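The structure displayed is predicted, hence computed values, not measured ones. For ligands, and for the atoms within them, numbers begin at 1 and follow the listed sequence.
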Amino acid sequence: MKLYSTNLQAAEVSFETALIEGQAPDKGLYLPRSLPLFSGDDLMSLKDRSYPEVAFHVLRKVLEGEIDEPSLKEITYDAYNYDVPLEKVNENTYIMRLDRGPTASFKDFAARLMARLMQYYLKREDREITILTATSGDTGSAVAHAFHGLDNVRVIVLFPRNEVSDRQRKQMTTLQENISAIAIDGKFDDCQSMVKSAFSDEQLRHLNLSSANSINIGRLIPQSLYYIYAYCKLCDHPEEIIFSIPSGNFGNMMGCVLAKTMGLPVKKIIASVNRNDEVPSFLSSGEYHKIVPSVNCISNAMNVGHPSNLARLIAVYGGQMDEQGNINKMPDMVQLRNDIHSISVNDEETKATMREYLDRYGILIEPHGAVGIKGLADYRTNNQDNTLAVTLETAHPAKFPREVEAITGIDPDLPNSLKDVESKEEHMDFLDTDYEMFKEYLLSKLS
Ligand SMILES: *Cc1c(COP(=O)(O)O)cnc(C)c1O
């Protein structure tokens, strides 16, 4: 597998390099030059297989030559040791619950596989790295848990102090050992730009910094697997499917784009966003404007005003966007609009959807999942399209107990994985958004 940078100024690299480095030296994002194509027969051979079986079948082709098969199999089965329920809502609608991993968020899917792949390469070469990751809530805890206790890797998580829930924060601050957490007096976008500056800072090169947020290609490949799994479970080739994806940094949605590239018959990808509507505006107007500062919404993990994965989406459709968000070459907008429908959902609609799902179907969802459901409902109303659709629930309702209770009156049961952190002591450092201070912090902590 060869990977190129979306900024087109860096050399092509191997999967291992892209995984360990995270960002390309020209500040672009890595994308595979090509991916395997799965035939209808291939897909249908996976029909009754378990999640790790499907994942391994796909990964061994995607990562052919990059890792030996027995190691890959062990890593895949170890990473995916939890359920992936497909809950039926009505004849043509399912909810895929991606919330059964150790941190009850879909980010476990990517983080657990990526951590184990990194560990494999680092051990093989006897190297050590520090992972810096910016989080709007769930990435940080998923990444911290995925790497917790591993050798050769240290993790530093930056999160916006006032924009994560207590439970999200505790998932990051109670682990200790090789995990550190920093509360930033700012927004997610500030955390992300501090992390990005550190990566491109020559004076920090000796610290062997790496990334694990959605800019790492190692996060995207695992996020293509559950789309394939859902299709194989629910559809008969060449039947088509629609996915509705609650989106912030658009990593989850890019996973679906990769699955489609690998031959999955996806009729429409619905990228549902909250009031940070820079992507739906771009798709309708052809002009891109980031939202600075990002808007606070109850689906807080999606409060992103400039999604880093947009550069990848534009690259897949033949365009080029730099890391600042300037489009130097327009993508094929006709094809892009044909494949992807992006829709903005406000907090009132989100809450109404949560209540409606409980009243009508007895199904409890949390705000992020509700954005996906509402996006699908609007798409269906406007397009008279009753194709089978899967909408993604990206977190467990118990991760947002106050919001969920205020809106639905139900205090969600805590999954066991979340119970553990409640009683543990928290440890974190505090910084504001000043980059030089952050740099000093890294130099003193890691040297
Ligand atoms: C991160 C996150 C999202 C957004 O995913 P992206 O890949 O950034 O688009 C949605 N829901 C939840 C619960 C999340 O944690």
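Residue K170 forms a salt bridge (charged side-chain N to carboxylate O under 4.0 Å, His left out) with just one option from E425, E426, E422, and that option is E422.
The aromatic ring centres of H306 and Y288 sit less than 6.0 Å apart.
Salt bridge annotation for D378-K374: present, with a cationic side-chain nitrogen under 4.0 angstrom from a carboxylate oxygen. Salt bridge annotation for D78-R116: present, with a cationic side-chain nitrogen under 4.0 angstrom from a carboxylate oxygen.
Heavy-atom contacts of A395 reach the following atoms of ligand 1: 13 (C) (cutoff under 4.0 Å). If you number the atoms of ligand 1 from 1 as listed, the ones under 4.0 Å from a heavy atom of M302 come out as 3 (C), 4 (C), 10 (C). Interface atoms of ligand 1 facing G251, defined by a heavy-atom separation under 4.0 Å, are 6 (P), 7 (O), 9 (O). Residue K107 has at least one heavy-atom neighbour below 4.0 Å for each of these atoms of ligand 1: 1 (C), 2 (C), 3 (C), 14 (C), 15 (O). For ligand 1, the atoms closer than 4.0 angstrom to any heavy atom of P246 are 4 (C), 10 (C). Remark: ligand 1 atoms within the under-4.0 Å shell around heavy atoms of N252 are 7 (O).
Looking at N249 next to ligand 1, an N or O pair under 3.5 Å apart turns up. The distance criterion of under 3.5 Å between nitrogen or oxygen atoms is met by T394 with respect to ligand 1. Inclusion of A301 in the set of residues having an N or O under 3.5 Å from an N or O of ligand 1 is not warranted. In terms of polar-atom proximity, S105 is not counted as a contact of ligand 1, lacking any N or O under 3.5 Å from an N or O of the ligand. By the 3.5 Å distance cut-off applied to N or O atoms, F106 is not counted among the residues near ligand 1. At least one N or O atom of G248, backbone or side chain, sits closer than 3.5 Å to an N or O atom of ligand 1.
Using a 30° and 60° split on the angle between ring planes, Y441 and F438 fall in the parallel class, below 30°. Taking the six-membered ring where the residue is Trp, Y80 and Y51 present perpendicular rings, their angle passing 60° and hence far from 30°. Taking the six-membered ring where tryptophan is involved, the planes of F109 and Y226 are perpendicular, since the angle between them exceeds 60° and thus also 30°.
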**Report entry** N7/S5 under side chain to side chain donor-acceptor pair (under 3.5 Å): CA gap, chis, key distance, verdict
**Finding:** CA-CA 5 Å; N7 276 352; S5 161; 5.3 Å; no

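The shortest non-hydrogen separation linking L264 to Y227 is CD2-O, 3.6 Å.
The residue E366 has no part lying near ligand 1, judged by heavy-atom distances below 4.0 Å. Neither the backbone nor the side chain of M253 has any atom closer than 4.0 Å to an atom of ligand 1 (non-hydrogen atoms only).
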